[in-house]
There are 4 protein chains.
Amino acid sequence: MHQGGEEPMEKKKHKGLFQARRERRIERRRQEIMEAAAEVFAERGYANTTTKEIALTADVSEGTLYNYFSSKRDILLAIVDEQQNTIEKMLASVGQLENQEDIVSLVYHSLNSFLTRLPFTRAVLTEAWVDDDILQEFVMARLQRIARLVQTFIAKCVNAGFFRPFDAALITPMVIGMFLMPITPALRGIAPPPTPEELHALVESAVSLLLDGLRVQASEELRVRSEE
Amino acid sequence: MHQGGEEPMEKKKHKGLFQARRERRIERRRQEIMEAAAEVFAERGYANTTTKEIALTADVSEGTLYNYFSSKRDILLAIVDEQQNTIEKMLASVGQLENQEDIVSLVYHSLNSFLTRLPFTRAVLTEAWVDDDILQEFVMARLQRIARLVQTFIAKCVNAGFFRPFDAALITPMVIGMFLMPITPALRGIAPPPTPEELHALVESAVSLLLDGLRVQASEELRVRSEE
Amino acid sequence: MHQGGEEPMEKKKHKGLFQARRERRIERRRQEIMEAAAEVFAERGYANTTTKEIALTADVSEGTLYNYFSSKRDILLAIVDEQQNTIEKMLASVGQLENQEDIVSLVYHSLNSFLTRLPFTRAVLTEAWVDDDILQEFVMARLQRIARLVQTFIAKCVNAGFFRPFDAALITPMVIGMFLMPITPALRGIAPPPTPEELHALVESAVSLLLDGLRVQASEELRVRSEE
Amino acid sequence: MHQGGEEPMEKKKHKGLFQARRERRIERRRQEIMEAAAEVFAERGYANTTTKEIALTADVSEGTLYNYFSSKRDILLAIVDEQQNTIEKMLASVGQLENQEDIVSLVYHSLNSFLTRLPFTRAVLTEAWVDDDILQEFVMARLQRIARLVQTFIAKCVNAGFFRPFDAALITPMVIGMFLMPITPALRGIAPPPTPEELHALVESAVSLLLDGLRVQASEELRVRSEE
DNA sequence: TATGAATGAGGGTTCATTCAT
DNA sequence: TATGAATGAACCCTCATTCAT
């Protein structure tokens, strides 16, 4: 998206094959660089990463970076872009939430998206914590779409009498936090990402917890004493 | 600081006042600088913050910073330390969790601690996302104490038969995420912190949600249709 | 430098030339910088010299210095090292002193070594006056080797009855001082270095003075009166 | 000499005692500071010494330094000045050199002057190696007076036929070097200064060496072989 | 007069970016 | 196109000097 697709349009026919191969080569190289950069950004943060490190990790020279990206920041933006697209694609296949499986599926796929290209996610999150543009244009944009899905679903269920009369807007962040926190250590890089099975178990538990709560039944005042 | 404490014992009274005033002045200045620094760190991140900005914000010269801190990083560490103490103090007054009020109280005070000196918290969190030392020595240390309190409480309730048979270790992060996410926008600086009333409402809702879940009752398969 | 030597063995020829040229270019540049630095260090002393001055004198940018040396001090150490080697090489060709010509030769070549790359020597000496590490590891190391040669020679001659019964250890510094002082103004930079002829004449005179003293002959009490 | 003696001349009578005591106090303090400064300058060199270190060593505050000296450099100049005076005084009592005792005496007292306030000498020498003003105005000025004494003496002896026909100007630096080198380690601070007795022995040996040379007698070609 | 905190110019060093090869 | 040396702005930090107390 940034600095791409600017080859001349004429000559397209004749060069077809040649051009296509060239473009693929370029795209492949861009990906290599982005992967390398994401890795280092994830590990040390954007500001603490030097172009030299990126180049070293990508196994190219510093100068070469600038043949594929116009600046260090451009690399970050490309990473963000890519992550955007990944999640966007995932979201595109999700319609309205209609039942429990839909939730499980949405959550599972969302978490999965975050985890599959972990360095990308880490790089983005880390920087989003500091960079308002990235936060808004990427993280919030995606997150709010998810939030809206959830919130709408909850509101509907409340209206339908299936859910207790919670304020959907108030509840939604809690719900999201519930799903997100368990993978935070992985996002931060201090724990291995869960296996698909673990992830499934996790989502199932979370959904169960969410729907029916901790308590055995809605009983009167809870009381535990250590001596009991 | 370098040659303090070695004053002769006679004269104590006279020097006492003098010295004490001086120390208070120094401490006050340190605080001013830390506050200024926290603000800028919070806004732009540690690495993107220049000592010049800190000095400007603190309304002193750059050189003055170094009369109170030995390095830019030292300022950050002092901020982290201070936050540590704030939370530590809060935690010290919390015993075992024994009932619903205890949870509400713990959560409320925890969130409050995070929110009261918001720039400090933001500065610490932002850096913890990138700096392993700060993450471990500060954030994780505190967070794990909280987590252990929660986990123990859940396990106890499960054993007592009050809670459904969840795996406490699995559930705890979800519980924490549930409480934390609603204030995340404030922590990130893109929303005003909640008023105490809002915070209370929030915690109450969260606890209710947590205990009894979204659902009116543990019913059969949930199903909502958009057309309904 | 950081990723050198790991080239595949095929291609050796082609890369060889390339690589060699590159290495020569690097070495040449290092030398240029060292020469420039030595000049300024000699003139103003290490501590009073700014990297900006060095860069200016070397006709490169400040940043470039750090492509060839890791710090200002590293430049100084490289200079010291180079001087070490120069003198070391000179000393390597000197065996035991056995006769007058040997002394003349040793002295001549020693002084010559000091004078040939005068800025280097000045830079080293100047700093040695203040920096214990450089004094010990460089100046004293070399000087003591020379001193040992001289002392051994004197002791031998004394034992052989050729020299009067001086304490060799006591005398040696005097002998060295005798040879060194005449070129001190040049070392300090307030006199042009002697031409080779002057240097020869100087050494010859010194050796003669050293061997037979000032006096016409060992006579009775010397007495000069101004009115005579 | 620098920044001194600028008190108003009127009122002299009435204030006599008071004023005198005050001046003595001031002078004493100046001396204390100079001594402290000389010590640190000697140890680390002028440029590497901070005013804070001087203040610390002198046991006063940094600000106080500036009540007695107008700048850091002024302290150095005062030290130089004082050393000048010390040597000047010594030289004032020396007339023309007329015999061996005169030489011994001159040398002994010269070396003694250098050694008695060693930090002062070290400070001056160290800086003279880098600072042309100090070199010329202090070190060379004194040294050349000594050199002239020696040179004149030698020339006279040569003319009188007592000394072999050396070129006095050529020989003089050697003579001085001979006397100076043995105390150089002390001047540099890597050896304790010689005791008066050692100093005497040293001078005696040097003079003997100087007058009659190393050799037993002016013999034919010297030859030593290790195997002999 | 003595103090030591405040100052800010200037130091060494880093690093994103450019460009000749 | 790939390279990596060159660049210089900007960083963090030091320290001689000033000045309010």
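Throughout, protein chains are lettered first and strands after them, A, B, ... in sequence-line order, and every chain is numbered starting at 1.
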Ranking E/dT13, F/dA5, E/dG12 by distance to the side chain of C/Ser71, first place goes to E/dT13

With a 4.5 Å heavy-atom cut-off, do A/Leu125 and B/Trp129 have their side chains touching? yes

For A/Thr51, report the nucleic acid contact type (base, sugar-phosphate, nothing); a contact means any heavy atom under 4.0 Å. base

Can you check the B/Arg22 CZ to E/dA5 C1' distance for me, whole Å? 9 Å

I need the single residue from C/Arg25, C/Gln31, C/Glu23 that forms a side-chain contact (heavy atoms from CB on, under 4.5 Å) with C/Glu27. Which is it? C/Gln31

Whichever of A/Lys72 and D/Ile26 has the more 5' nearest nucleotide on DNA chain E, that residue is D/Ile26

B/Glu62 atom CD is separated from E/dA6 atom P, nearest whole Å, by 15 Å

Nearest-Å distance, CZ (D/Phe69) to C1' (F/dA16)? 16 Å

What pairs of nitrogen or oxygen atoms, one from the protein and one from nucleotides 19-21 of chain E, lie under 3.5 Å apart?
none

Write down the partner of F/dC19 under the Watson-Crick or G-U wobble criteria, each distance required to be under 3.5 Å. E/dG4

Nearest whole Å is fine: how far is F/dC13 C1' from D/Lys52 NZ? 13 Å

Roughly how far apart are C/Ser71 OG and C/Leu77 CG, rounded to 0.5 Å? 7.0 Å

Within the structure, does a side-chain N or O atom of A/Asn67 lie under 4.0 Å from either OP1 or OP2 of F/dT1? no

Decide yes or no for B/Phe120 and B/Glu35: does some side-chain heavy atom of the first lie under 4.5 Å from some side-chain heavy atom of the second? yes

Below 4.0 angstrom from OP1 or OP2 of E/dT3, is there any side-chain N or O of D/Thr64? yes

Whole-Å gap separating P (F/dA16) and CG (D/Leu76): 13 Å

Under the criterion salt bridge (charged side-chain N to carboxylate O under 4.0 Å, His left out), I'd like the reasoning laid out for A/Glu43 against A/Arg122: C-alpha separation, chi angles, the key distance, then a yes or no. CA-CA 8 Å; A/Glu43 200 60 49; A/Arg122 269 188 79 186; 3.8 Å; yes

Here the gap from A/Arg44 atom CZ to B/Asp132 atom CG, rounded to the nearest 0.5 Å, amounts to 10.5 Å

Return the value, rounded to whole Å, for the distance between atom OH of B/Tyr68 and atom P of E/dA5. 6 Å

Rounded to the nearest Å, what distance is computed from the CD atom of residue C/Glu23 to the C1' atom of nucleotide F/dA5? 15 Å

So what does A/Arg29 touch, heavy atoms closer than 4.0 Å: a base, only the sugar-phosphate, or nothing? sugar-phosphate

Send over the distance from A/Asp74 CG to E/dT18 P, rounded to a whole Å. 12 Å

Report the residues that fulfil salt bridge (Lys or Arg N to Asp or Glu O under 4.0 Å) with A/Arg29, sequence neighbours left out, ordered by chain and then residue number. A/Glu32

